[in-house]
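Whatever order the structure lists them in is the order used to number ligands and atoms, beginning at 1. Given the structure is predicted, the values throughout are model-derived calculations rather than measurements.
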Amino acid sequence: MCGIVGYIGNRKANEVLIPSLKRLEYRGYDSAGIALANNTTCQIIKSVGKIINLEKKLNKKDLDSYHLGIAHTRWATHGAVTEVNAHPQQYGKITIVHNGIIENVDNIKEKLQRENIKFKSETDTEVIAVLLNKYLESNFIKTINKVMNLLKGSFALGIINQDEANKLYIVKKSSPVVIGVGDNENFFASDISAINYFTNKFIFLDDNEIAEITQEKIVVYNGCNIISKNVNTINTDINDYDKKGYPHFMLKEINEQPQILKNTLTKYLNDIKLLPDLTSYQELHIVACGSAMYAGMIGKQLFEQQAHIKTYVEVASEYRYQEQLYNEKTLVIVISQSGETADTIAALRKAKKQKQDTLAIVNVKNSTIARDADNCLYTEAFEEIAVATTKAYTLQVALLSLLSLKLAYDKGYITDLDKYLKDFRQLPNYLKKVIAQDQKYQEIAKVIYKSKDVFFIGRKIDYAICLEGSLKLKEISYIHSEAYQAGELKHGTISLIDKGTPVFAIITDQSIADKTMSNLIETTSRGANGYLITTESLKTGFAQEIIVKDATNFVQPLLVIPILQLIAYYTACLKKCDVDKPKNLAKSVTVE
Ligand code: AGP
């Protein structure tokens with residue numbers, strides 16, 4: 001996803017903007033650019049590819065006189081990956097960076113072209129610059145309001161108006177943007193991580209708000225009316241940006257899991273009443289995207305099997321448009337690492353509009369979803385830099401599991417709570433042992449990394465685990481992979497099983513162990529290269545077996561997850577993929 005940053009103060013602007021832009025690289029991008037302004041001029045420098053290409057151009061220029069600027073990493077939506085389409089976009093006196101999508105851009109552009117306006121780029125962002133210049137008046141807040149009312153879609157804008165080159169303007173609608181409050185200097189960015197190196201004080205803009213910032217002052221408007229906003233002090237762990245000796249952030253974050261599970265869970269294990277009471281609900285709707293949705297699939301199995309509450313898991317991009325059959329006893333649980341996923345935000349807002357109670361499970365503090373939901377549980381995983389989620393996903397599963405344990409206990413289905421809490425307390429140690437079998441996962445990766453297809457099969461909660469295992473492999477190694485209900489494989493997809501096709505069967509649920517084992521044999525008898533991931537008590541002596549310790553139903557899935565994360569990681573390394581920043585992927589999908 002695109003990232004925007006801005007700075008105004010006494011420092012050399014490019015010495016703030018470039019490091020900040022690098023902090024947004026994890027969001028995924030394909031070009032970058034910067035605009036530096038003073039009272040006489042506004043220089044724009046852009047490049048395709050990585051930020052290093054932009055730096056090479058900057059190094060050739062004298063930029064010391066610029067103390068105000070905006071910069072951008074572009075994840076192409078409208079228009080090809082070219083320098084012309086990179087941001088900042090400029091028209092007349094207006095220079096702008098944009099994260100989001102303008103949905104009615106074609107109509108607006110056609111009208112402007114009929115007025116003989118000539119466009120240089122294919123972007124929707126340039127259209128915004130043209131409109132701001134067209135309606136430019138001395139009261140720039142009025143200009144911005146007028147243009148905002150013409151636009152449909154999502155936008156976080158950083159704007160320089162050459163007539164006021166001692167100010168920056170920021171506009172928010174659906175796409176995230178945060179203001180960093182400095183000492184005689186101010187910043188803005190798509191998320192805290194880009195500017196938490198310079199300040200720990202932040203103002204979060206809400207939709208349809210405009211900020212006018214100078215070196216000394218921040219004024220926030222809703223419409224043309226000045227409003228007051230809180231300044232939040234947020235101390236984040238900035239050493240998240242240090243790989244600490246690991247070759248990739250992803251491997252570091254996989255290895256952090258035991259510790260962050262302990263950090264997050266301990267307070268709840270000491271006092272489970274700190275978790276929300278869900279006994280008044282008759283139905284749960286878990287709504288999310290990608291891995292977060294797959295975490296929800298594990299949650300569904302535990303809520304239904306252990307707490308006997310009907311639980312639906314919905315893809316947020318579908319949920320937001322489907323007719324929802326709620327009743328007043330429905331709780332909507334939204335899950336999001338970034339807290340800024342556009343589809344999940346839309347689903348949350350739909351639920352709130354229908355007066356449903358909402359609970360968020362989020363990693364990024366004070367993110368849009370964390371602020372919008374009625375109640376929020378944080379996964380406390382610190383910053384997750386690798387685009388492919390690992391530690392945040394595992395924490396999502398862990399919190400859902402604890403919530404289902406509490407609900408099962410509150411409803412009387414479980415009486416010996418201490419037994420289960422003890423197992424959770426052991427979880428970090430269990431996980432360390434699983435992660436320590438590193439060599440085994442590397443060996444498997446050596447066998448599978450040249451495969452064309454890889455399959456993960458399981459039933460019930462094991463199928464839910466397969467979903468994320470498959471997604472992790474394909475999103476970082478680019479190998480086609482599918483998770484399949486084990487009983488379903490023979491209804492078509494088994495035709496893809498060739499000699500040597502890797503098939504991972506996951507069996508942690510004793511009630512269907514034999515069934516899934518038969519399904520695995522169905523594939524190996526057709527030449528598949530089968531792997532069985534199972535527990536000590538369910539082990540079969542299968543040729544390629546990975547055994548995890550027996551644990552309670554609530555903890556068991558969490559012991560399998562790192563195995564699949566590490567197999568995916570080592571496979572991607574052998575394929576020399578960009579493990580931390582896989583192609584085409586963005587860390588936070590802030591557009592539809
Ligand atoms: C990244 O590894 C995930 N695979 C991706 O699907 C992610 O889970 C999804 O985009 C949702 O992101 P969120 O958790 O920030 O809402």
Side-chain angles (χ1 to χ4, degrees), residues 1 3 24 26-28 75 174-176 190-193 248-251 253-254 257 286-299 313-320 332-349 360-373 376-379 381-397 399-400 456 464-478 481 483 561-562 564-566 568-569 572 577-592:
M1 279 313 97
L24 294 178
Y26 73 88
R27 298 164 68 89
W75 189 79
S174 298
S175 295
S190 294
D191 66 47
I192 287 178
S193 63
H248 298 101
F249 281 111
M250 183 173 174
L251 188 59
E253 291 161 358
I254 290 170
Q257 291 180 124
I286 298 176
V287 188
C289 301
S291 298
M293 193 259 289
Y294 293 154
M297 293 287 277
I298 294 178
V313 180
E314 308 277 353
V315 177
S317 52
E318 292 291 305
Y319 188 85
R320 65 184 290 187
V332 176
I333 301 175
V334 290
I335 306 171
S336 176
Q337 186 284 128
S338 63
E340 300 297 350
T341 299
D343 287 319
T344 310
I345 291 172
L348 170 60
R349 288 182 176 163
I361 296 178
V362 175
N363 192 45
V364 176
K365 290 204 171 16
N366 295 291
S367 54
T368 302
I369 291 172
R371 288 181 285 132
D372 277 9
C376 179
L377 290 178
Y378 281 119
T379 43
F382 294 113
E383 189 81 36
E384 190 173 63
I385 307 299
V387 168
T389 185
T390 50
K391 59 180 184 175
Y393 163 82
T394 301
L395 265 291
Q396 290 162 0
V397 173
L399 284 178
L400 287 165
F456 294 79
I465 299 168
C466 287
L467 286 164
E468 172 60 9
S470 172
L471 178 58
K472 204 48 63 211
L473 179 68
K474 61 185 146 188
E475 68 179 338
I476 65 173
S477 73
Y478 315 144
S481 165
I561 289 165
L564 304 179
Q565 292 170 343
L566 287 165
Y569 170 77
C577 295
D578 186 347
V579 174
D580 285 334
K581 294 195 284 292
K583 67 180 180 186
N584 305 336
L585 278 188
K587 185 64 181 172
S588 174
V589 184
T590 57
V591 294
E592 279 198 65

Minimum-distance pair of heavy atoms, taken over all atoms of Tyr478 and Pro582:
OH-CA, 3.3 Å
Are a donor atom and an acceptor atom from the side chains of Gln396 and Thr379 found within less than 3.5 Å of each other?
no
So the atoms of ligand 1 within less than 4.0 Å of a heavy atom of Ser336 turn out to be 13 (P), 14 (O), 15 (O), 16 (O)
Heavy-atom pair with the smallest gap, counting every atom of Phe456 and Gly469:
CZ-O, 3.8 Å
Any N or O on Thr344 sitting closer than 3.5 Å to an N or O of ligand 1?
no
Any N or O of Gln337 closer than 3.5 Å to N or O of ligand 1:
yes
If you count the atoms of ligand 1 from 1 in the order shown, which ones are under 4.0 Å from a heavy atom of Glu475?
1 (C), 2 (O), 3 (C), 4 (N)
Taking C-beta and beyond as the side chain, do Leu564 and Lys472 meet within less than 4.5 Å on heavy atoms?
no
Under a 3.5 Å distance rule, please check whether Asn366 uses its side chain to pair with a backbone N or O of Arg371 as donor and acceptor.
no
Report the nearest protein non-hydrogen atom to atom 10 (O) of ligand 1: residue, atom name, distance rounded to 0.1 Å.
Val589 CG2, 4.0 Å
Suppose we measure from atom 12 (O) of ligand 1 to each protein heavy atom; which comes out shortest, and what is that distance?
Thr341 OG1, 3.5 Å
Can you see whether Thr368 engages Glu340 through a side-chain donor-acceptor pair at a distance of less than 3.5 angstrom?
yes
One finds that the ligand 1 atoms under 4.0 Å from a non-hydrogen atom of Val387 are 1 (C), 2 (O)
Note the single closest protein heavy atom to atom 11 (C) of ligand 1, along with its residue, its atom name and the distance in Å.
Cys289 O, 3.5 Å
Ignoring hydrogens and angles, state whether a donor on the side chain of Thr389 or Gln337 is under 3.5 Å from an acceptor on the partner side chain.
no
How close do Ala386 and Phe249 get, heavy atom to heavy atom, and via which atoms?
N-CB, 4.0 Å
Should you measure from each heavy atom of Ala292, which atoms of ligand 1 turn up under 4.0 Å away?
8 (O), 14 (O)
For atom 3 (C) of ligand 1, state which one of Ser291, Ala342, Gly290 supplies the nearest heavy atom.
Ser291
Heavy atom of Met293 under 4.0 Å from ligand 1?
no
Atoms in ligand 1 flagged as close to Lys472, the criterion being non-hydrogen separation under 4.0 Å
2 (O)
